[in-house]
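Structure first, commentary second.
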2 protein chains.
Amino acid sequence: MKRGALDPVVQESTPAIIARKIRDAIARGDFAPGVQLGEAELAKELGVSRGPLREAMQRLTQEGLLVSYRNRGLFVVSMDQDDFRDIYLARSAVEVAAINRVAGTDPEGGAAKLMEAVRAMEAAAATPDGQAITEADMRFHALLVELAGSPRLKKMHDTLLTETQMCLNALKSTYDTADKRISEHKGIAEAISRGDSDLAEKLLAEHMDDALMRLIP
Amino acid sequence: MKRGALDPVVQESTPAIIARKIRDAIARGDFAPGVQLGEAELAKELGVSRGPLREAMQRLTQEGLLVSYRNRGLFVVSMDQDDFRDIYLARSAVEVAAINRVAGTDPEGGAAKLMEAVRAMEAAAATPDGQAITEADMRFHALLVELAGSPRLKKMHDTLLTETQMCLNALKSTYDTADKRISEHKGIAEAISRGDSDLAEKLLAEHMDDALMRLIP
DNA sequence: GGCCCTTCGATTGTCGACAATCCAACTGTA
DNA sequence: TACAGTTGGATTGTCGACAATCGAAGGGCC
């Protein structure tokens with residue numbers, strides 16, 4: 001019998017599933033920052049009892065997406081400008097590390113996949129859907145960290161990305177032109193392909209500064 | 001009435017307290033990697049019911065300290081060499097960002113506090129307790145990230161530090177001489193005090209490589 | 001009118017009990 | 001002896017119910 005043909009079945013736990021659903025809803029903006037999440041109501045809506053639901057909430061609290069006030073309830077975290085800055089600072093830390101890792105191990109292969117993501121951004125820019133290019137943008141950054149092959153960097157980055165989405169929902173930032181947005185990403189990918197991690201790092205820092213400046217005037 | 005004289009009382013939730021206790025126990029090595037944590041037993045020992053306990057477990061699972069196998073239970077994560085490498089990679093990412101932040105905002109003040117932590121290491125080295133210097137070592141790194149003033153970097157780093165402790169417990173790594181260990185940290189602090197973040201970054205990278213090499217031969 | 005106290009409804013925090021699932025040991029068969 | 005099937009004990013997953021706490025509305029007092 002051929003070995004390694006089958007992946008072990010992973011049964012996701014119920015709290016993990018619930019947490020994902022609520023996390024996505026928060027990222028989409030379906031739950032506005034600051035609003036309270038009533039347990040009974042959510043449990044009824046999801047078709048589970050309060051037990052598993054509360055376990056899921058603890059996950060999201062640990063992640064920093066919810067804040068808990070004892071005996072009062074759980075609330076979607078509301079972020080101020082300091083949080084915006086902090087999110088982009090932390091994202092820079094993670095993505096810079098990813099750049100160095102990719103540029104130091106597989107520059108060409110990694111950059112090729114990143115260029116594919118850039119092309120996806122170009123395709124998204126051609127559509128009238130304004131949300132599409134933002135999603136493609138975030139996928140670029142998610143891919144960059146994935147390519148680094150570090151489970152811990154990836155996990156940290158995932159939460160940072162949902163927080164980023166919350167920022168964007170709150171402040172509806174927009175690029176004036178999609179061209180600049182695309183070329184910035186392309187520049188990073190090209191620098192990586194050349195193994196020039198210093199340049200890629202510098203370009204990323206500028207890219208992050210730009211994004212932050214669009215959020216905070 | 002004078003304003004701002006009182007801090008708001010923060011009532012830590014029960015799951016948060018339980019999670020901290022178990023997290024500390026894991027960091028200390030009281031729960032060896034790979035062992036199963038029975039809910040009933042733990043609940044009885046902590047004097048709570050299984051409800052809040054399970055909520056705490058979800059926190060630790062989200063943190064990556066426990067792994068959950070459905071219908072089988074929760075186990076302390078067991079780490080291999082890839083995990084060791086990944087932990088030090090992620091720590092480098094966070095601490096490099098902290099260095100740049102401290103060196104870029106308050107180099108002298110930050111470095112002064114770091115030098116204090118170095119002196120604490122020297123004091124610990126003078127004691128026969130071999131664990132003391134390791135704790136002082138980790139406090140140096142924790143302080144470095146605290147000085148960056150980023151809640152997100154700090155939270156990420158805290159989990160990485162407990163994972164680091166798990167590594168050390170598993171492999172009992174030791175420096176041959178405490179002098180080298182202290183001088184490495186002193187060098188980083190001095191580089192920061194001069195605002196030379198590039199040098200500090202380079203020294204930290206070497207410091208991390210050294211630590212990893214002592215773990216993985 | 002303004003302030004404090006009390007009461008009430010609603011929500012959270014906690015617990016015990018039941019059902020579902022899994023692992024290990026045992027039994028029977030070829 | 002080796003293997004498939006069965007049974008039993010123990011643990012996890014889920015639920016409903018009760019107690020504790022909080023915020024808001026109402027009433028009384030100065």
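In the text below, chain A, chain B and the rest are named by the order of the sequence lines, each starting its count at 1.
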Point to revise | Intermediate values then yes/no, side-chain hydrogen bond (donor to acceptor under 3.5 Å, both in side chains), Thr162(A) and Arg28(A) | key: CA-CA 9 Å; Thr162(A) 68; Arg28(A) 274 195 308 269; over 6 Å; no
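- Sorted by residue number, the members of residues 56-77 of chain B with any non-hydrogen atom under 4.0 Å from DNA chain C read Asn71(B), Arg72(B).
- Protein atom CD1 of Ile17(B) is 9 Å distant from nucleotide atom P of dT14(C), rounded to whole Å.
- In this structure, Arg54(A) and Gln11(A) both approach DNA chain C, and ranking their closest nucleotides by distance from the 5' end singles out Arg54(A).
- Residue Thr14(B) has a polar side-chain atom (N or O) positioned under 4.0 Å from OP1 or OP2 of dT14(C).
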Point to revise | Verdict with supporting geometry, Ser49(B) and Arg54(B), side-chain hydrogen bond (donor to acceptor under 3.5 Å, both in side chains) | key: CA-CA 9 Å; Ser49(B) 85; Arg54(B) 283 176 61 89; over 6 Å; no
Practice item. Would you sort out whether Phe75(A) and Leu66(A) count as a side-chain contact (heavy atoms from CB on, under 4.5 Å), showing the intermediate values? Key: CA-CA 6 Å; Phe75(A) 302 80; Leu66(A) 302 180; over 6 Å; no
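- Annotation for Lys113(B): atom NZ does not count as buried by contact number, only 12 or fewer foreign heavy atoms lying within 6.0 Å.
- Glu41(B) comes within contact range of no nucleotide atom at all, as no heavy-atom separation falls under 4.0 Å.
- Across all strands, Leu37(A) comes closer than 4.0 Å only to sugar-phosphate atoms, never to a base (heavy-atom distances).
- Counting to the nearest Å, the C1' atom of dC15(C) and the CD atom of Glu39(B) are 14 Å from each other.
- Taken to the nearest 0.5 Å, the CD1 atom of Ile192(B) stands 13.5 Å off from the CZ atom of Arg101(B).
- Applying the side chain to side chain donor-acceptor pair (under 3.5 Å) test to Arg70(A) and every residue at least two apart in sequence or in another chain returns Thr14(B).
- Following rounding to the nearest Å, Glu55(B) (CD) and dG13(D) (P) show an atom-to-atom distance of 14 Å.
- One atom, CG of Leu53(B), and another, P of dT11(D), lie 14 Å apart when rounded to the nearest Å.
- By the 30° and 60° cut-offs, the orientation of the rings of His141(A) relative to His207(A) is parallel.
- Within a 6.0 Å radius of CD in Glu12(B), other residues, nucleotides and ligands contribute more than 12 heavy atoms.
- Asp137(B) places no side-chain N or O within 3.5 Å of a backbone atom of Met121(B) that could act as its donor or acceptor partner.
- Listed by residue number, the members of residues 43-51 of chain B with any heavy atom below 4.0 angstrom from DNA chain C are Val48(B), Ser49(B), Arg50(B).
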